[in-house]
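Let me begin by presenting the structure, written as structure tokens, before commenting on it.
Positions are given from 1, in the same order as the sequence printed here. For the numbers below, each heavy atom of this structure counts, side chains included, while hydrogens, waters and symmetry mates do not. Since we're looking at a predicted model, the values are computed, not measured.
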Amino acid sequence: MLVMKRYSQSEFHLLRKLMLLLCVLLPAAVQAGGEWETQSSRYLEQLLKNNPERLPALAEPVVLDFYQQRQYKPAWSDQKGRLDRAYDLLQVIIRAKDEGLHPDDYYLDDIRRYWDATGLGESVQLDLLLSAALYRYSKHVYSGRFDPLEVDKDWYINNKPLDVRRLFADVASKASIAKLLKDLPPQHAGYQALKQQLHHFRELARQGGWQKFAWGPVLESGVQHNQVLQLRKRLKLTGDLVVDPFPDMDMYDRWLEEAVMHYQARHGLEMDGKVGPATRRSLNVSVSDRIKQIRINMERWRWMPRDLGRRYLTVNMTGFELQIMEKGSVVLAMPVIIGKSYRSTPSFSGLVSYMEYNPYWTIPLNLAFADIIPKQASDPSYLAGRSIKLYRGWADPREIDPQTVDWRTLDKETFPYWLRQEPGPKNALGRIKFIFSNPYEIYLHGTPDTHLFDRVVRTFSSGCIRVKDPVRLAAFLLNDGSQQKEEEVLENIHLGTNQGVTLPVAVPIYLVYWTAWVDQQGRVNFRKDIYGRDSTLYTLLES
């Protein structure tokens with residue numbers, strides 16, 4: 001596992017030693033008098049030119065070039081003291097926790113140590129610290145504290161890197177940089193809503209959080225138990241129990257049942273209104289763990305592109321839901337089925353540009369040997385019963401009678417055939433397939449196994465995304481989702497023939513992995529880490 005430690009203070013001790021050395025070596029005239037800006041520039045130039053290799057965090061090429069282009073003129077102070085932009089940056093660093101970051105990653109203690117100092121050496125050192133803080137903070141809050149490729153091997157959504165050189169140029173040209181700094185974090189509503197929840201949950205933590213529930217019986221309507229009062233208090237803390245006409249009663253009433261169902265909906269649990277083992281385990285997740293979960297997903301938002309598009313699709317894997325977003329609002333939502341834990345669906349983006357009515361399904365070789373061929377070997381009618389045909393050759397394919405094949409002698413390395421399922425009601429892709437650009441052979445499609453959408457946890461596919469209502473999705477992608485467009489889609493399906501259709505406008509799609517988010521009703525949702533992708537980030541957050 002990747003180990004990322006918090007930046008140590010050793011670089012600052014080195015810098016202080018260098019500053020003392022320069023104080024001895026610089027001519028007394030430079031220390032004692034002369035124009036402040038000239039002295040500071042000379043001081044900075046000697047420090048950065050003579051010792052850059054000893055200041056790895058402070059002497060990034062961008063920072064060095066920045067000072068060189070301004071002829072080593074200090075950026076954050078003048079002869080009168082600290083400039084307004086220095087105060088703006090200091091305030092942002094102090095409030096870095098609001099973004100789920102660590103203020104001490106941005107040299108806060110050392111900046112404070114030199115803030116009120118009046119000596120030339122201290123002012124120069126503070127200037128370098130502020131520039132280094134800006135460099136590191138801006139990259140973290142814009143693109144993420146961690147490199148997604150190093151902490152999540154299944155994340156392939158790219159955010160365009162911040163133009164740090166332009167940022168420094170903009171900073172140097174403005175007296176106040178408050179707005180510039182405010183615009184650095186993601187402005188997406190999803191990120192900003194999580195930021196608010198981070199503040200709320202930290203306030204809950206300051207108030208003591210909540211008690212754990214000891215193991216006990218299933219709590220349900222009509223049950224009288226001493227844990228009912230604890231449950232009332234717990235659900236009031238998290239806003240699930242709003243109406244409580246009998247707050248001192250230890251009887252599980254209908255208001256408490258509704259509150260439990262509200263809690264279960266927010267946490268992806270079966271909405272039975274009962275506090276059974278699964279709900280009890282969820283209630284016992286500590287407030288500090290929920291804070292970490294929020295911070296993890298704020299980090300993932302920083303990995304996302306800043307412009308998602310005016311109209312786009314998202315598939316939130318842990319929520320098992322597809323949404324079409326238009327101008328920041330959900331215009332269509334439906335349940336989905338995602339990959340099994342050992343065939344997990346990666347996080348990536350693409351463009352949905354093409355769809356097929358009544359698709360064929362060419363079965364991938366790995367899947368054929370894992371699922372299809374063993375069943376055919378034990379049941380000679382398996383392929384025929386599912387409208388799966390066997391072919392040999394690709395340029396001029398020839399259909400092969402499955403009854404003539406000794407299935408038990410075949411292996412994947414020398415398999416001379418390929419399998420294809422015919423269009424129709426039995427086809428594993430359903431009646432519509434939606435194709436988008438990606439290297440993983442993943443697409444959206446319908447399914448004949450519609451009963452699986454009744455399950456709470458829907459990890460049943462081999463990696464592709466099964467959608468519950470492909471007809472409605474097609475109507476939205478082809479036009480505006482009108483009833484008339486749905487009827488046209490159904491007419492094409494009923495023709496029974498395979499047809500390809502290019503969408504009038506290619507629509508961006510993002511397959512994301514949120515384990516904490518705020519829904520359109522303003523409710524914070526938490527989900528189980530079904531693919532185990534939170535674990536590395538969870539460990540690193542406090543590193």
Checklist entry - Among T459, L511, T318, which one satisfies side chain to side chain contact (heavy atoms under 4.5 Å, CB included) with I338? => result T459

Parallel, tilted or perpendicular for [X] and [Y], by the 30°/60° rule?
{"X": "W514", "Y": "W301", "answer": "parallel"}
{"X": "H267", "Y": "Y263", "answer": "parallel"}
{"X": "F348", "Y": "Y440", "answer": "tilted"}
{"X": "W407", "Y": "Y417", "answer": "tilted"}

Does the side chain of [X] come under 3.5 Å of the side chain of [Y] through a donor N or O and an acceptor N or O?
{"X": "R234", "Y": "Q227", "value": "no"}
{"X": "S381", "Y": "D379", "value": "yes"}
{"X": "R266", "Y": "N525", "value": "no"}
{"X": "E356", "Y": "N498", "value": "yes"}
{"X": "Q323", "Y": "E321", "value": "yes"}
{"X": "R306", "Y": "Y142", "value": "no"}
{"X": "Y513", "Y": "D529", "value": "yes"}
{"X": "Q520", "Y": "S329", "value": "no"}

Do [X] and [Y] have side chains that get closer than 4.5 Å, going by heavy atoms?
{"X": "L101", "Y": "M298", "value": "no"}
{"X": "Q230", "Y": "Q211", "value": "yes"}
{"X": "V471", "Y": "I493", "value": "yes"}
{"X": "K412", "Y": "F415", "value": "no"}
{"X": "V151", "Y": "W303", "value": "yes"}
{"X": "I324", "Y": "V330", "value": "no"}
{"X": "Y156", "Y": "P148", "value": "no"}
{"X": "Q376", "Y": "V405", "value": "no"}

Could you tell me whether the side chain of [X] and the main chain of [Y] form a donor-acceptor pair under 3.5 Å?
{"X": "H262", "Y": "E257", "value": "no"}
{"X": "T447", "Y": "T450", "value": "no"}
{"X": "Y531", "Y": "G339", "value": "yes"}
{"X": "E399", "Y": "R392", "value": "no"}

Which residues pass the side chain to side chain contact (heavy atoms under 4.5 Å, CB included) test with [X], not counting sequence neighbours?
{"X": "E491", "answer": "none"}
{"X": "D289", "answer": "V285, S286, Y538"}
{"X": "L351", "answer": "S437, A506, P508"}
{"X": "E413", "answer": "D411"}

Smallest separation among heavy atoms of [X] and [Y], with atom names:
{"X": "L283", "Y": "W210", "answer": "O-NE1, 3.6 Å"}
{"X": "R166", "Y": "D163", "answer": "N-OD1, 3.1 Å"}
{"X": "L503", "Y": "V352", "answer": "CD1-O, 3.4 Å"}
{"X": "A259", "Y": "D240", "answer": "CB-O, 3.4 Å"}
{"X": "Y510", "Y": "S349", "answer": "CD2-CB, 3.5 Å"}
{"X": "P346", "Y": "M317", "answer": "O-CE, 3.7 Å"}

Regarding [X] and [Y], does a basic nitrogen lie under 4.0 Å from an acidic carboxylate oxygen?
{"X": "D154", "Y": "R533", "value": "yes"}
{"X": "E299", "Y": "R145", "value": "no"}
{"X": "R232", "Y": "D253", "value": "yes"}
{"X": "D244", "Y": "K236", "value": "yes"}
{"X": "K375", "Y": "D371", "value": "no"}
{"X": "E99", "Y": "K97", "value": "no"}

Considering residues at least two apart in sequence or located in another chain, which fulfil the salt bridge (Lys or Arg N to Asp or Glu O under 4.0 Å) criterion with [X]?
{"X": "D469", "result": "none"}
{"X": "K468", "result": "none"}
{"X": "R311", "result": "E326"}
{"X": "R466", "result": "none"}

Next on the checklist: Taking the six-membered ring of Y360 as reference, does the cationic atom of R420 (NZ for Lys, CZ for Arg) lie under 6.0 Å from its centre and within 45° of its axis?
Outcome noted: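 Yes.
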
I need the [X] [atom1] to [Y] [atom2] distance, nearest 0.5 Å.
{"X": "L444", "Y": "L429", "atom1": "CG", "atom2": "CG", "answer": "11.5 Å"}
{"X": "L419", "Y": "I363", "atom1": "CG", "atom2": "CD1", "answer": "5.0 Å"}
{"X": "L367", "Y": "S462", "atom1": "CG", "atom2": "OG", "answer": "4.5 Å"}
{"X": "L204", "Y": "T238", "atom1": "CG", "atom2": "OG1", "answer": "8.0 Å"}
{"X": "I291", "Y": "H199", "atom1": "CD1", "atom2": "NE2", "answer": "11.5 Å"}
{"X": "I509", "Y": "I442", "atom1": "CD1", "atom2": "CD1", "answer": "10.5 Å"}

Next on the checklist: Once salt bridge (Lys or Arg N to Asp or Glu O under 4.0 Å) is applied, what residue pairs with a partner in residues 500-523 remain, sequence neighbours excluded?
Outcome noted: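 Output for this query lists D519-R523.
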
Checklist outcome for this item: Residues pairing under salt bridge (Lys or Arg N to Asp or Glu O under 4.0 Å) where one sits in residues 434-459, two or more places apart or in two chains, turn out to be none

Next on the checklist: Aromatic contact between F526 and F201, with the criterion being ring centroids under 6.0 Å apart: yes or no?
Outcome noted: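 Under 6.0 Å, so yes.
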
Next on the checklist: Evaluate R527 against D534 for salt bridge (charged side-chain N to carboxylate O under 4.0 Å, His left out), listing each step before the verdict.
Outcome noted: CA-CA 11 Å; R527 292 296 186 273; D534 279 6; over 6 Å; no

Checklist entry - For Y252, what residues pass the ring pair (Phe, Tyr, Trp, His ring centres under 6.0 Å) criterion, not counting sequence neighbours? => result none

Checklist entry - What residues, two or more places apart in sequence or in another chain, satisfy ring pair (Phe, Tyr, Trp, His ring centres under 6.0 Å) together with F434? => result none

